[in-house]
Engineer: 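The structure's right below; bear with me while I get my questions together.
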Amino acid sequence: MDVKLNTIRLVRVLSLAGEILNNAVSFAVFCVLDSVDFILCFVYKVVDFWIESQWKPCYCSSAKQRIIEGDNILVSEECESKIVCLTSSNLQVEDISDTLYSRPSIVAQLSKFIINDLNKTKKTTVTSTFTIDSTIVEVLRRNVVPRWSDCDCKICNSWTSSRKDTLFVKAEGPKDKAREDVLFIHGFISSSVFWTETLFPNFSTTVKSTYRLLAVDILGFGRSPKPTDSLYTLREHVEMIEKSVLETFQVKSFHIVAHSLGCILALAIAAKHPGSIKSLTLLAPPYFPVPKGEPATQYIMRRIAPRRVWPVMAFGASVACWYEHISRTICLVVCKNHRLWEFITKFITRNR
C-alpha cells in the first residue's frame with residue numbers, strides 16, 4: 001500500500017515538474033519566436049518593396065481607429081467581428097473571426113502598451129468606436145496582387161488561365177442514370193485528391209454505377225480559384241460550393257461526406273438546405289465546448305494553439321496560428337517547392 005502511494009506521489013511530482021519545465025521552456029521559445037516574427041515583418045516589407053515596388057499590410061499591423069472614406073469597411077472592436085460593406089444599393093454585414101486580425105504576441109502587446117502610455121500624455125480625441133484593420137481594407141479594396149513568394153506551377157495557377165469563377169470538381173459515376181449524389185468535402189491543407197486517390201479507387205462497381213461521386217476543391221485549395229480579394233469566409237465557401245456543385249451538376253438531394261474543416265462547411269450547407277440532405281457523415285469534426293462568457297474564437301485559438309513546445313502538434317499549431325511571417329517563411333520553403341517535396345515523398349514511400 002505504501003509503495004503504491006509513493007508511486008502515485010512520484011508520478012504527481014514528476015508531472016508537476018514536467019509542466020513547470022514545459023511552461024518555462026515554452027515562454028522562452030515563444031519570446032524568441034515573437035522577436036523573430038517581428039523582425040521578419042520588416043524583412044518581408046523590404047523584399048516585397050524591392051521585388052513588387054510596394055509592400056502589403058500584414059495582420060500583425062496595428063489597427064487604425066478611423067473610418068475609411070469611399071466603400072466603407074468597418075470592423076468592430078470587441079468580439080463582434082463583422083465587416084460592414086456600405087454601397088449605394090445595399091448594406092452587407094458579414095461575420096468574420098476576430099482572430100483574423102487579433103493575434104497579439106508579447107512584442108506586439110509590449111509595443112501597444114508603450115504606444116498607449118505615450119498617447120495618454122497627448123490630448124487626442126477618438127471620433128470612431130470602430131477599428132479598421134489595414135489588411136482587410138486593402139483586401140476588400142482589391143489592391144492585393146499575387147505575391148512573388150507564391151508557387152508558379154501549372155496546378156496552383158490553372159484557375160487564372162481558365163477564366164472560370166467556379167470550383168474544381170472531380171466527378172465519377174453515371175451522369176444521367178445515377179440514383180443518388182454524394183458530395184465529398186476535404187479538410188484544411190488538403191484537396192479533392194484526399195478522396196479521389198484513396199477512397200474512389202476502392203469503391204465497388206455497384207457503388208460507382210449507382211452513385212455520382214462529386215469531390216470538390218474548396219475555395220483557395222487544389223485547382224480551385226485562390227482570389228486575393230477574398231477573406232475566405234464561411235458564406236463565400238458555401239456559395240461557391242452551391243454554384244460549382246449544386247447548380248452546375250443540378251444536384252437536388254444528396255449525401256455529404258466531409259473531413260475536418262469540411263465538416264464546418266457541410267454543417268453550413270445542411271443548415272441552408274435541410275430538405276436536400278439525405279445523410280451527413282463527418283470525419284474528425286472540430287468541436288470545442290466554450291465556457292459561458294468566454295469569447296469563442298479567442299478561447300478556441302488558445303486551445304488549439306496554446307503556445308507550448310510540447311506536445312509537438314500544439315507547437316506546430318501555435319507557430320502556424322500566431323506567427324504570420326514565420327509561417328510565410330515555412331510556406332516559402334515548403335509550399336513554393338511542393339513539387340520537389342512531393343517527388344521525394346513519393347519516391348521514399350513508393351507513392352503510398
Side-chain angles (χ1 to χ4, degrees), residues 21-52 54-65 75 77 79 81 96-118 131-139 143-151 188-189 220 226 228 231-232 295 297-338 341:
L21 179 63
N22 189 22
N23 289 339
V25 173
S26 297
F27 179 79
V29 169
F30 282 97
C31 279
V32 173
L33 291 178
D34 284 342
S35 302
V36 171
D37 201 65
F38 183 77
I39 295 171
L40 285 176
C41 178
F42 293 97
V43 170
Y44 278 118
K45 276 184 170 60
V46 172
V47 176
D48 288 343
F49 187 81
W50 179 55
I51 297 177
E52 301 175 354
Q54 61 177 327
W55 63 67
K56 313 297 188 302
C58 49
Y59 291 115
C60 63
S61 302
S62 60
K64 301 176 182 179
Q65 291 186 320
V75 180
E77 188 170 2
C79 302
S81 305
I96 63 168
S97 171
D98 63 331
T99 57
L100 179 67
Y101 56 88
S102 179
R103 292 176 286 184
S105 65
I106 295 175
V107 174
Q109 288 174 326
L110 181 61
S111 61
K112 184 177 179 180
F113 173 79
I114 294 173
I115 292 172
N116 290 340
D117 190 55
L118 291 174
T131 57
I132 303 168
D133 183 74
S134 53
T135 303
I136 294 175
V137 173
E138 289 289 334
V139 168
N143 286 337
V144 181
V145 296
R147 315 301 295 271
W148 60 268
S149 51
D150 291 342
C151 177
F188 189 59
I189 317 181
K226 304 164 182 63
T228 55
L231 285 176
Y232 299 90
T297 50
Q298 292 291 340
Y299 175 81
I300 294 172
M301 186 83 158
R302 293 194 300 270
R303 283 286 306 275
I304 65 175
R307 293 179 186 245
R308 292 290 181 271
V309 295
W310 187 263
V312 177
M313 285 293 290
F315 177 72
S318 298
V319 172
C321 290
W322 296 99
Y323 301 105
E324 177 183 356
H325 305 291
I326 291 177
S327 296
R328 185 180 176 186
T329 305
I330 294 172
C331 287
L332 182 61
V333 175
V334 178
C335 301
K336 187 175 175 65
N337 302 290
H338 69 88
W341 303 120

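FYI, side chains are in, hydrogens and waters are out, and symmetry mates aren't considered; it's all heavy atoms of this structure. Everything quoted here is computed from the prediction, not taken from an experiment.
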Engineer: Looking at Ala317 and Ala305, what are the two nearest heavy atoms and their distance?
Structural biologist: O-CB, 3.8 Å

Engineer: To the nearest 0.5 Å, what is the distance between CG (Leu332) and OG (Ser327)?
Structural biologist: 12.5 Å

Engineer: Identify, with sequence neighbours excluded, every residue that meets side-chain hydrogen bond (donor to acceptor under 3.5 Å, both in side chains) alongside Ser26.
Structural biologist: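 By the side-chain hydrogen bond (donor to acceptor under 3.5 Å, both in side chains) rule, Ser26 matches Asn22.
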
Engineer: Measure the CD-CD1 distance between Gln298 and Ile300 for me, rounded to the nearest 0.5 Å.
Structural biologist: 10.5 Å

Engineer: What pairs with Tyr232 under ring pair (Phe, Tyr, Trp, His ring centres under 6.0 Å), at least two apart in sequence or on another chain?
Structural biologist: none

Engineer: Once rounded to the nearest 0.5 Å, what's the spacing between atom NE2 of His325 and atom SG of Cys41?
Structural biologist: 3.5 Å

Engineer: Determine whether a donor-acceptor pair (N or O, by modelled atom type, separation under 3.5 Å) exists between the side chain of Trp341 and the backbone of Val333.
Structural biologist: yes

Engineer: Taking ring pair (Phe, Tyr, Trp, His ring centres under 6.0 Å) as the definition, give me every residue that meets it alongside Tyr299, ordered by chain and number, with sequence neighbours left out.
Structural biologist: none

Engineer: Run the salt-bridge test on Arg307 and Asp34 with the 4.0 Å N-O cut-off and return the result as yes or no.
Structural biologist: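 Yes, charged N to carboxylate O under 4.0 Å.
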
Engineer: Could you give the distance from CD (Glu324) to SG (Cys331), rounded to the nearest 0.5 Å?
Structural biologist: 10.5 Å

Engineer: Yes or no on side chain to side chain donor-acceptor pair (under 3.5 Å) for Tyr44 and Ser149, after CA distance, side-chain angles and deciding distance?
Structural biologist: CA-CA 10 Å; Tyr44 278 118; Ser149 51; over 6 Å; no

Engineer: Which residue pairs pass the salt bridge (Lys or Arg N to Asp or Glu O under 4.0 Å) test with at least one member in residues 311-322, sequence neighbours excluded?
Structural biologist: none

Engineer: From Ser318 OG over to Arg308 CZ, what is the distance, rounded to the nearest 0.5 angstrom?
Structural biologist: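 Between Ser318 OG and Arg308 CZ, I get 8.5 Å after rounding to 0.5 Å.
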
Engineer: Asn337: what forms a side-chain hydrogen bond (donor to acceptor under 3.5 Å, both in side chains) with it, not counting sequence neighbours?
Structural biologist: none

Engineer: Leu33: what forms a side-chain contact (heavy atoms from CB on, under 4.5 Å) with it, not counting sequence neighbours?
Structural biologist: Val29, Phe30, Phe315, Val319, Tyr323, Ile326

